[in-house]
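Notes for the one structure printed next.
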Protein chains: 2
Amino acid sequence: MVQPVGDPRFEDLTARARIRDAALRLFAERGIDGASIRDIAKAAGVSGGLVRHHFGSKEGLRDACDAYALDRLMRIKEQAVLGGQLANPGFLPATHPTILLLYRYLARGMVDGSKAAASRFDDMVELAEQWLARHEPGHSQDPRAYAAVLVAMQTGLLALHEHLSRALGADILAPEGHLRMSRALVDFYSTPLLSPELAAQAHAAFEQVERLQASQPRNPAGPSAAQGAE
Amino acid sequence: MVQPVGDPRFEDLTARARIRDAALRLFAERGIDGASIRDIAKAAGVSGGLVRHHFGSKEGLRDACDAYALDRLMRIKEQAVLGGQLANPGFLPATHPTILLLYRYLARGMVDGSKAAASRFDDMVELAEQWLARHEPGHSQDPRAYAAVLVAMQTGLLALHEHLSRALGADILAPEGHLRMSRALVDFYSTPLLSPELAAQAHAAFEQVERLQASQPRNPAGPSAAQGAE
DNA sequence: CACCCCGCTATACATACGTATAGTCTGCTG
DNA sequence: CAGCAGACTATACGTATGTATAGCGGGGTG
């Protein structure tokens, strides 16, 4: 059986590591509640009791998965950026499946309400905001909101990977589909969907709604996003 | 108790309607598995047995919620577009909370694996693709993928509303936060994040990866999205 | 060798859940 | 008035799950 989570450090041939890897995968696939301890134990090839022996409880197992996912992502990023591994053409292809699985786990955790995933989301928003301030100053009137929307959209792609893959006819967690998605993503990031005129119209409409809210504060309001799909 | 799902048609004062409304809300908040029939019955002020009496099973209740959510959305859209209600300044503020709840329910269903939500996603992709073909022909080299990414991103915002709201300090399902998000969204749609040079670089990199995949088909590959937050 | 820590299994227990069924009350109809 | 249909409740049942505990076996240490 292949270990998709990878990085077989010497300690990682233990049953504890197998349990954690299986949990990571099943949690990502079925959600926290959808993956039982018995299922995880079976996938790891151990008894259910051993899961409790090593991790104390399901919550403990989840915490361990959270910590491992974050640590793993940080190490890979360090290797890529500081270690100069980006120049190595084999590095990204080798680590990419692991990265995608880890992201998928964290994205699932955000929907299922994981504290680690939540703080991960906040970290990403913070990083995105800093990156925007450095590389695209003045890009948006509300950089915080812009960064948050950006991160939520990206994370949403992973959370909805099943449907996105179905619509594309290729798994976005596999090379082919991911490549197709990435290309559309670059298109999306590089060519504006709304003309300056339409954007100005939308902003004017928001102003109007805001004035309306101020005069009738009890009345809930807010137009739907200015976009054509709906 | 106020009925946030609204549209109190004459039949909607019945216990059956109260159960369906409570289920819609609890399913959206906690997920399908997270909301038990007993919880829903309590929220609706009825016994658990009555839920089964009216809907047969939890699956049946979910199907009813799906059908109701889609029907409700279609009716509101019909009223807005065909009925000319968009000119009525009170229409959008009044229906908006309902729309958001319905979308949130459907977004949750997509993560939890609802067939109705899945087909809803596919419908939205289809609509977005048609809209793009009509209003922005030639906008993307792969309109299908572009439309799918667009819809997934939008839906992801709702699926991750909890974290987005926390990052913004305001509930995006309430007027104030939704307004702030909408503004960032318009910024996002109207001003390109990637310069043409960067986009060209990214596309060139994708070409390279594709050639690499073709020569080493067993090696999984694909760069992460060309974006600065990560 | 004797001992014991530790990885590990097997099994038991309480709970919560979806489901099923029996029964009560109310309003309508003949 | 008799009777029936349907809305509704109370309660029981089987199962799956998280949790807890008792016990087994092997390898290192005195």
Side-chain angles (χ1 to χ4, degrees), chain A residues 1 3 8-66 68 105 108-109 112-116, chain B residues 1 3 8-66 68 105 108-109 112-116:
Chain A
M1 190 189 304
Q3 280 194 43
R9 296 200 296 273
F10 78 99
E11 70 187 67
D12 270 20
L13 301 171
T14 64
R16 181 188 165 89
R18 286 207 312 278
I19 293 170
R20 185 235 299 132
D21 287 357
L24 209 52
R25 186 169 53 84
L26 289 185
F27 281 158
E29 284 176 7
R30 311 180 190 176
I32 307 295
D33 290 337
S36 73
I37 289 187
R38 286 169 176 83
D39 288 343
I40 293 168
K42 189 181 294 182
V46 299
S47 73
L50 191 61
V51 176
R52 171 169 168 81
H53 174 71
H54 278 302
F55 298 96
S57 68
K58 193 175 189 180
E59 176 92 15
L61 176 58
R62 183 180 186 171
D63 289 345
C65 287
D66 284 344
Y68 179 73
Y105 170 77
R108 175 63 100 152
D112 285 2
S114 143
K115 287 172 82 172
Chain B
M1 190 189 299
Q3 280 195 47
R9 297 199 295 273
F10 77 100
E11 69 187 66
D12 270 19
L13 301 170
T14 64
R16 183 188 164 90
R18 287 206 313 277
I19 293 170
R20 185 237 297 135
D21 287 358
L24 209 53
R25 186 168 55 83
L26 289 184
F27 282 158
E29 284 176 7
R30 311 180 190 175
I32 306 296
D33 290 336
S36 72
I37 289 188
R38 286 169 175 81
D39 287 344
I40 293 169
K42 190 181 296 183
V46 300
S47 73
L50 190 61
V51 177
R52 171 169 170 79
H53 174 69
H54 279 301
F55 298 96
S57 67
K58 193 176 188 179
E59 177 95 15
L61 176 58
R62 183 180 186 171
D63 289 344
C65 286
D66 283 345
Y68 179 73
Y105 169 79
R108 176 62 101 152
D112 285 2
S114 143
K115 289 172 84 173

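Every chain is numbered from 1, with letters handed out A, B, ... down the list of sequences. Because the structure is a prediction, the values reported are computed rather than measured.
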Please find the pair of heavy atoms, one from [X] and one from [Y], that lie closest to each other, and give the distance.
X	Y	answer
A15(A)	L50(A)	CB-CD2, 3.9 Å
C65(A)	L24(A)	CB-CD1, 3.7 Å
K58(B)	I32(B)	NZ-O, 2.9 Å

inquiry  = With rounding to the nearest 0.5 angstrom, report the OG to CD1 distance, S47(A) to I37(A).
reply    =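 S47(A) atom OG to I37(A) atom CD1 measures 11.0 Å (nearest 0.5 Å).
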query = The side chain of L50(B) lies closest to which of these nucleotides: dA7(D), dC8(C), dT9(C)?
reply =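 Looking only at heavy atoms from C-beta outward on L50(B), the closest nucleotide is dA7(D).
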task = Counting heavy atoms from C-beta on, name the nucleotide in dT9(D), dT9(C), dT19(D) closest to the side chain of I37(A).
result =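 Selected nucleotide (nearest to the side chain): dT19(D).
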query = For dA7(D), does either OP1 or OP2 sit under 4.0 Å from a side-chain N or O belonging to H53(B)?
reply =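 Yes, H53(B) has a side-chain N/O under 4.0 Å of OP1/OP2 on dA7(D).
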Distance test, side-chain N/O of H54(B) to OP1/OP2 of dC8(D), below 4.0 Å =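 Affirmative; the distance criterion is met.
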Could you tell me how far apart [X] ([atom1]) and [N] ([atom2]) are, to the nearest whole angstrom?
X	N	atom1	atom2	value
R18(B)	dC8(D)	CZ	C1'	11 Å
K58(A)	dT17(D)	NZ	C1'	8 Å
K42(B)	dA10(D)	NZ	C1'	15 Å
F55(A)	dG18(D)	CZ	P	15 Å
I32(A)	dG18(D)	CD1	P	11 Å
E59(B)	dT19(C)	CD	C1'	14 Å
D33(B)	dT17(D)	CG	C1'	12 Å
I40(B)	dC8(D)	CD1	C1'	18 Å

inquiry  = Considering every strand and a 4.0 Å limit on heavy-atom distances, what is the contact class for R38(A): base, sugar-phosphate, or nothing?
reply    =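 Base contact.
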inquiry  = Measuring only between side-chain heavy atoms, which start at C-beta, is R62(B) closer than 4.5 Å to F55(B)?
reply    =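 Not in contact.
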query = On DNA chain D, nearest-nucleotide positions of G34(A) versus R52(A): which is more 5'?
reply =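 Result of the comparison: G34(A).
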